[in-house]
**Student:** 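My questions will all concern the structure given below.
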Amino acid sequence: MTEPSKLPHHGVPEHQPAAGGIAARARAAAGPQYLNGLNPEQREAVETLDGPVLVLAGAGTGKTRVLTTRIAHILSQGRARPHEILSVTFTNKAAREMKLRLGQMLGQAVEGMPWLGTFHSIGGRILRIHAELVQLKSNFTVLDVDDQVRLLKQLLQAENIDDKRWPARMLAGLIDGWKNRGLAPSQVPSGEAAMFGNGKGGKLYASYQERLKILNAADFGDLLLENIRLFRENPDVLRQYQNRFKFILVDEYQDTNVAQYLWLRLLSQAPSRPGVPLSAIIPGAAGTTVIPGRIEDANPDVQSHIEESGDNEESLRDSGSALSAHPGMTETATPTASSPPKNICCVGDDDQSIYGWRGAEVDNILRFEHDFPGAKVIRLERNYRSTGHILAAASHLIAHNEGRLGKTLRTEDVDGEKVTVTGSWDSEEEARAIGEEIEELQRAGENLNDVAILVRASFQMREFEDRFVTLGLPYRVIGGPRFYERAEIRDALAYLRVINSPADDLAFERIVNVPKRGLGDATVQLLHDHARKRRMPLFEAARAVVETDELKPKARGALRDLILQFDRWRAQREVTAHTELAEIVLDESGYTEMWQKDRSADAAGRLDNLKELVRSMEEFENLQGFLEHISLVMDRDGDASDEAVSLMTLHSAKGLEFDNVFLPGWEEGLFPSQRTLDEQGRAGLEEERRLAHVGLTRARRRAKLYFATNRRIHGTWSTTIPSRFLDELPSANVEITESKGGSGWGGAGGYGPSRFDNVESFGSSYTTPGWQRAQANRNRSQGGRSGQARGGFEESQSSFSGGFSRNKRGPIVIEGELVAKSTGTVSEFSLADRVFHQKFGYGHVVKIDGNKLTIAFEKAGEKKVVDSFVERV
DNA sequence: CATATATTTATTTTT
DNA sequence: TAAATATATG
């Protein structure tokens, strides 16, 4: 592969062989100083460089430290150069953290770790290099959910599917799920695909993918899925990467989904060489089932994919590969032929797997030893974070889960304060109580930066915000809506996207009429019709239509102006810095003005955000580079400067720690979230429990739990009962306290929902939850339709045989043909043809100019129209 | 075509 | 409850 390595080879010794022998041992014992202070397990995790390693790192056991030290170790041992290490994390936050820590450990060498990043950013990066092999151009856009949904809506419309009954959002979710499982359109189980849109789910997925190619776009899932396809279809490309990455490190392995797993598997296989038995590479062939429990019934999807990648590997095998060991590598550095150099190290904690709903497969971590035979499993169980009581509570709670690898966290810290549980009358009182306790902590000299409130669902934050505002307590919301998800940012980006890639219909559509230019639905619809018929981008369609009389003069003028503006901006792009260009665009388009005129409360904030956006562009070399990264790595700007309480969801708290952690809302239905229970049943409950475990283990010194008896769910108040998780805490480490919020709960004996108490005790749940679950599932699988299952079934069958909707659209055309068609075709009309036009009626052709016709209409007079709008009669 | 008003409907977690 | 969407009106 020719990808230039942009890294300065920063003081990484290329010579010294890392002889695995006595010399190395001796040196290690003396110890490079970065090894100092590691406990024996950590040290083992760092120093076991060869072969697969799974590090089971419980909360607060120094996971990140192990990862970064391991990288430092690899580098300083000369086992690989920075660009030969693939290091993937799940979140940008984690990637940043690792870069930071590595930087501290190694000086500036972090610049030289080009392959340290999230799955998605690395996937995207590889994809851009080989874009043409997956029918994209290297400047493809990454679509966000909004774009996706808009696109799907159009497809649903084209298929004549009622988007009330089959919402685009739902389809987006389905497709995302398929992509998470590594399924291309042809691989989706047909039964599953047929469940959406009267059997059209699969077809919709396929045409969605087609559209993405035409739009030169990829969605999040594609960043991985298309990568997998790239590797499967181009063994030589795969081999380049297999050769390149001498070491692979994976953070939060418990959160990987099937696609990520497959991707890792492909990369972690040895660069193919003759003589490696297939069974050494393909886990399925080995038949060694190491792990107990539910791992046995492994996901069939995974199985089939493993086999596929096996085939792939086999086809690779014959072509000998030049294993280009770099100068510093000795024989011992490269494992023997019988054991491929799968130097993959995955770090994770099955007890912190909380992204199952996003397709994460806990099985991936549970099955590691099976997938990577000969793997070394190292457990990190010494917790350096929490005090005794907190750790005991967390451990005891998580012990209620089955299907875990099992770790016992221990600490040498003092017992500290007990975990407290506080009940309050309603959620307002809960917020009041927490507010007071925080003020108390503040008075006692606690730093507010060491205080966090972790909620299950983001709607809970509101009450705290309200309360803190009235108290004047500084707080900061972490992980709210992402910066680039704000409307104004996306509008601005849309302008830049259209400049950068004129075929970006979604971006164009977003801003044609923002600010208002008199180009409403009707105009856009017209452009769509033309674009579809002519198989051209909307922008081009607009260019054509402006030349005609299709539009009313007003709209036509506005559209012409817009096109001219874009032409001008595109020209300016060559001579103007991208930041300056952005300012010009925002100004000349009237976008800034639109917000300046807006007198609503948040208009000023939006203008600030726009400034912030322009400022953030400075970090990038050019517009292209900026656009490539924006959707992947832009997240909220934490002004961590001021002292403030942190307010966030449990999910976004993973990986963080605080002295004082407040955990409100421990109520049935909210904390074991009813929805998760309904959808995932037992597995869902266990995931919720892991979430609780994550919450507790964020705390260093104080963990405080709360529940309220009354909570407003959506508009209406409802009575709730304390979470079952509270019952699962060990009483020895917990203290029940009175709410300090004043009135309410203790006094009123009228806390009367005792009739619910017996309904919901653990396990005895067939009456309410079970029934609800069944119902919810039924509704869900039928796409939320209200009728009985049978009715829906018949309906979908009938429309199958009818083949009704195909006519509307004509045959699906493959991209190659589209391109051919859209460039310079000769009109199929001849002079004097009699034609019909929807709006202008009958007439005859008097002039032909490419696809533009001049027609003398009988009623409307002479008009210029586009040929796609008239038909010969 | 744009705006104001009525109605509906959905409410987790995120790369 | 509030946000998002449909409908009526200018």
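Letters A, B, ... mirror the listed sequences (proteins, then strands); counts begin at 1. Keep in mind that what you see is a predicted model, and the values were worked out from it rather than measured.
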**Student:** Can you see if the side chain of A/Arg358 gets near the phosphate of B/dT12 - specifically, an N or O under 4.0 Å from OP1 or OP2?
**Tutor:**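 Checking A/Arg358 against B/dT12: no side-chain N or O falls below 4.0 Å of OP1 or OP2.
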**Student:** Rounded to whole Å, how long is the line connecting atom CG of A/Asp521 with atom P of B/dA2?
**Tutor:**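 After rounding, the gap between these two atoms is 8 Å.
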**Student:** Name the nucleic acid region contacted by A/Thr676, choosing base, sugar-phosphate or nothing; use a 4.0 angstrom heavy-atom cut-off, strictly under.
**Tutor:** base
**Student:** Which listed nucleotide (B/dT14, C/dA2, B/dT15) is nearest to the side chain of A/Arg462?
**Tutor:** C/dA2
**Student:** Determine whether the aromatic ring centres of A/Trp666 and A/Phe671 lie less than 6.0 Å apart.
**Tutor:** yes
**Student:** Considering every strand and a 4.0 Å limit on heavy-atom distances, what is the contact class for A/Ala522: base, sugar-phosphate, or nothing?
**Tutor:**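 Sugar-phosphate contact only - A/Ala522 comes under 4.0 Å of backbone atoms but never of a base.
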**Student:** What's the verdict on side-chain contact (heavy atoms from CB on, under 4.5 Å) for A/Leu705 and A/Phe662, showing C-alpha distance, side-chain angles and the deciding distance?
**Tutor:** CA-CA 6 Å; A/Leu705 317 187; A/Phe662 291 85; over 6 Å; no
**Student:** Send over the distance from A/Tyr484 OH to B/dT14 C1', rounded to a whole Å.
**Tutor:**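 One finds 8 Å between C1' of B/dT14 and OH of A/Tyr484, rounded.
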**Student:** Looking for any heavy atom pair under 4.0 Å, which part of the strands does A/Tyr355 touch: base, sugar-phosphate only, or nothing?
**Tutor:**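 Sugar-phosphate, no base atom in range.
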**Student:** Need one value for A/Asp144: base, sugar-phosphate or nothing, where a base atom within 4.0 Å counts as base even if backbone is also close, heavy atoms only.
**Tutor:**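 Here A/Asp144 touches no strand at all.
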**Student:** Using purine N1 to pyrimidine N3 plus N6-O4 or O6-N4 for Watson-Crick, or N1-O2 and O6-N3 for G-U wobble, both under 3.5 Å, which nucleotide pairs with C/dA3?
**Tutor:**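 Its partner is B/dT8 (Watson-Crick or G-U wobble, both distances under 3.5 Å).
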**Student:** Taking only side-chain N and O atoms of A/Arg675, does any of them lie within less than 4.0 angstrom of OP1 or OP2 on B/dT12?
**Tutor:**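 Yes, such a contact exists.
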**Student:** Of A/Asp176 and A/Lys554, whose closest DNA chain B nucleotide lies nearer the 5' terminus?
**Tutor:**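 Taking each residue's closest nucleotide, the earlier one in sequence belongs to A/Lys554.
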**Student:** Centroid-to-centroid, A/His130 to A/Phe231, below 6.0 Å?
**Tutor:**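 They do not qualify: ring centres at least 6.0 Å apart.
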**Student:** Using the P atom on both, measure C/dA6 against B/dT11 and round to a whole Å.
**Tutor:** 16 Å
**Student:** Output the rounded distance in Å from CH2 (A/Trp263) to P (B/dT15).
**Tutor:** 17 Å
**Student:** Students often get this wrong, so: under 4.0 angstrom with heavy atoms, is A/Ser673 touching a base, only sugar-phosphate, or nothing?
**Tutor:** base
**Student:** Are A/Asp251 and A/Lys63 ion-paired here, with the side-chain N under 4.0 Å from a carboxylate O?
**Tutor:** yes
**Student:** What is the distance, rounded to the nearest whole Å, between atom CG of A/Asp222 and atom C1' of B/dT15?
**Tutor:**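 My rounded result for the distance is 13 Å.
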**Student:** Tell me the interatomic distance from A/Lys552, atom NZ, to B/dA2, atom P, rounded to whole angstroms.
**Tutor:**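 To the nearest whole Å, that distance equals 10 Å.
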**Student:** So, using side chain to side chain contact (heavy atoms under 4.5 Å, CB included) as the criterion, who are the partners of A/Ala703 when residues are at least two apart?
**Tutor:** A/Ile390, A/Val419, A/Leu696, A/Ala699
**Student:** Expressed in whole Å, how much space separates the P atoms belonging to B/dT12 and C/dT5?
**Tutor:**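 Straight-line distance between the two P atoms is 16 Å.
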**Student:** Measure from the side-chain heavy atoms of A/Trp357 and tell me the nearest of B/dT15, B/dT14, B/dC1.
**Tutor:**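 The listed nucleotide nearest to A/Trp357's side chain is B/dT14.
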**Student:** Do the side-chain N or O atoms of A/Thr118 get closer than 4.0 angstrom to the phosphate oxygens (OP1, OP2) of B/dT14?
**Tutor:**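 It does not, given that no N or O in the side chain of A/Thr118 lies less than 4.0 Å from OP1 or OP2 of B/dT14.
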**Student:** Under 4.0 Å between a side-chain N/O of A/Thr649 and OP1 or OP2 of B/dT12, yes or no?
**Tutor:** no
**Student:** Can you measure A/Asp146 atom CG to C/dA4 atom C1' for me and round it to whole angstrom units?
**Tutor:** 12 Å
**Student:** Measure the distance from CD on A/Glu485 to C1' on B/dT14 and round it to the nearest whole Å.
**Tutor:** 8 Å
**Student:** State whether the distance check finds a donor on one side and an acceptor on the other, under 3.5 Å, for side chain A/Arg712 versus base C/dT1.
**Tutor:**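 Donor-acceptor pair under 3.5 Å: no.
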**Student:** Do the charged groups of A/Arg432 and A/Glu429 touch, with an N to O distance under 4.0 Å?
**Tutor:** no
**Student:** Counting only side-chain N and O atoms of A/Asn513, is one of them less than 4.0 Å from OP1 or OP2 of B/dA2?
**Tutor:** yes
**Student:** Over how many whole Å does the gap from A/Leu127 atom CG to B/dT15 atom C1' extend?
**Tutor:**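 For the pair A/Leu127 CG and B/dT15 C1', the rounded distance is 15 Å.
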**Student:** Hey, does A/Phe90 reach any base, or is it just sugar-phosphate, or nothing, if we go heavy atoms under 4.0 Å?
**Tutor:** sugar-phosphate
**Student:** So what does A/Lys516 touch, heavy atoms closer than 4.0 Å: a base, only the sugar-phosphate, or nothing?
**Tutor:**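 Sugar-phosphate contact only - A/Lys516 comes under 4.0 Å of backbone atoms but never of a base.
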**Student:** Kindly state whether the ring of A/Phe196 and the ring of A/Trp166 have centres lying under 6.0 angstrom apart.
**Tutor:** yes
**Student:** With a non-hydrogen cut-off below 4.0 angstrom, is A/Arg169 in contact with a base, only sugar-phosphate, or nothing?
**Tutor:** nothing
